[in-house]
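Beneath this line is the structure, given in structure tokens, with notes to follow.
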Amino acid sequence: SRGLGDVYKRQVVDMAKNEHLFGYLKHCGGHYKVYLGDARLEISKQPYKKYGAILSTVYWSSTVPFHLYTKEALDMYLSKLEDGGYFSIIIPNHYFDFAPLFAAYNKTSPYKFHVIQEVGNPFFRTFVLKKEAEYMPPVDWQPLVDTGVEVWTDDFYNIFDVLKDPKNMRLTRDAKRFDLL
């Protein structure tokens with residue numbers, strides 16, 4: 001029998017396919033497949049092949065899935081990506097800012113993450129990388145600034161690298177929530 005978690009996962013897929021709610025899948029322009037589960041585990045289970053795009057999301061979470069953003073995990077995702085392919089991560093923007101972490105990864109990789117400046121969406125940040133060493137990104141892809149944060153590994157991470165300013169965090173979140181009511 002299916003558990004409650006499976007029902008919620010199915011609802012997330014149904015919402016993602018609803019073009020009135022999200023545009024990511026309708027812009028794929030061809031064949032795509034949605035895998036439910038932990039991104040790192042699911043993609044590592046796939047037979048060896050190269051993907052044109054990989055999109056990973058962590059919707060509305062107040063936790064940090066450390067294992068998804070380590071150097072080992074990011075290297076594995078890129079190993080499954082064809083040359084010229086795109087890798088994108090959509091992350092809630094409530095309590096954490098992952099820009100320093102992806103900037104740290106940029107120092108270890110020939111491919112560079114950028115952040116897409118999305119107008120009117122304060123709750124999520126989209127980080128994107130094209131698997132092409134000499135790539136001129138579109139103007140709405142902003143470069144990430146190196147802040148001296150160390151790249152996370154399976155053996156090392158530091159939550160303080162990505163934690164937003166705790167003094168202003170609650171006030172900002174509450175103000176945005178009430179603005180939406």
Common cluster, Y51/L41, ILVMFWY with side-chain heavy-atom separation under 4.5 Å: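 No, Y51 does not connect to L41 through the hydrophobic network.
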I91, V128, V149 screened by side chain to side chain contact (heavy atoms under 4.5 Å, CB included) with F102, the one that passes: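 Passing option: I91.
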Side chain to side chain contact (heavy atoms under 4.5 Å, CB included), paired with F66, selected from L101, N158, V162, I159: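 That would be I159; it is the only one of L101, N158, V162, I159 passing the side chain to side chain contact (heavy atoms under 4.5 Å, CB included) with F66.
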Which residues share a salt bridge (charged side-chain N to carboxylate O under 4.0 Å, His left out) with [X], sequence neighbours left out:
X: K107; result: D146
X: K130; result: E132
X: E72; result: none

Closest approach of [X] and [Y], non-hydrogen atoms and distance?
X: P137; Y: H114; answer: CG-NE2, 3.5 Å
X: L74; Y: L68; answer: CD2-O, 4.2 Å
X: V151; Y: Y105; answer: CG2-CA, 3.9 Å

Full working for ring pair (Phe, Tyr, Trp, His ring centres under 6.0 Å) between W141 and Y135: CA-CA 12 Å; W141 289 22; Y135 177 65; 5.8 Å; yes
side-chain contact (heavy atoms from CB on, under 4.5 Å) assessment of Y69 paired with I89: CA-CA 10 Å; Y69 307 131; I89 303 172; 3.7 Å; yes
side-chain contact (heavy atoms from CB on, under 4.5 Å) evaluation trace for L78 with L129: CA-CA 10 Å; L78 294 181; L129 169 151; 3.5 Å; yes
Spell out, as yes or no, whether a donor-acceptor pair under 3.5 Å connects the side chain of [X] to the backbone of [Y].
X: K131; Y: L81; answer: yes
X: K71; Y: T153; answer: no
X: S44; Y: R40; answer: yes
X: K50; Y: S79; answer: yes

Y157 OH: over 12 foreign heavy atoms closer than 6.0 Å: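 No - once you tally the heavy atoms of other residues, nucleotides and ligands closer than 6.0 Å, there are 12 at most.
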No-hydrogen, no-angle side-chain donor-acceptor test under 3.5 Å, W152 and D161: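 Side chains of W152 and D161: pair found under 3.5 Å.
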Test log, rule side-chain contact (heavy atoms from CB on, under 4.5 Å), inputs V115 and T126: CA-CA 6 Å; V115 64; T126 302; over 6 Å; no
pair F87-F113: side-chain heavy atoms closer than 4.5 Å: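 Yes, their side chains come closer than 4.5 Å.
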Working for side-chain contact (heavy atoms from CB on, under 4.5 Å), residues Y77 and I43: CA-CA 7 Å; Y77 302 142; I43 200 163; 3.7 Å; yes
Rounded distance (nearest 0.5 Å) linking atom CD of E82 with atom CD1 of I54: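 One finds 9.5 Å between CD of E82 and CD1 of I54.
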R125 with D97: basic N within carboxylate O range, under 4.0 Å: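 Judged by the 4.0 Å cut-off on N to carboxylate O distance, R125 and D97 do form a salt bridge.
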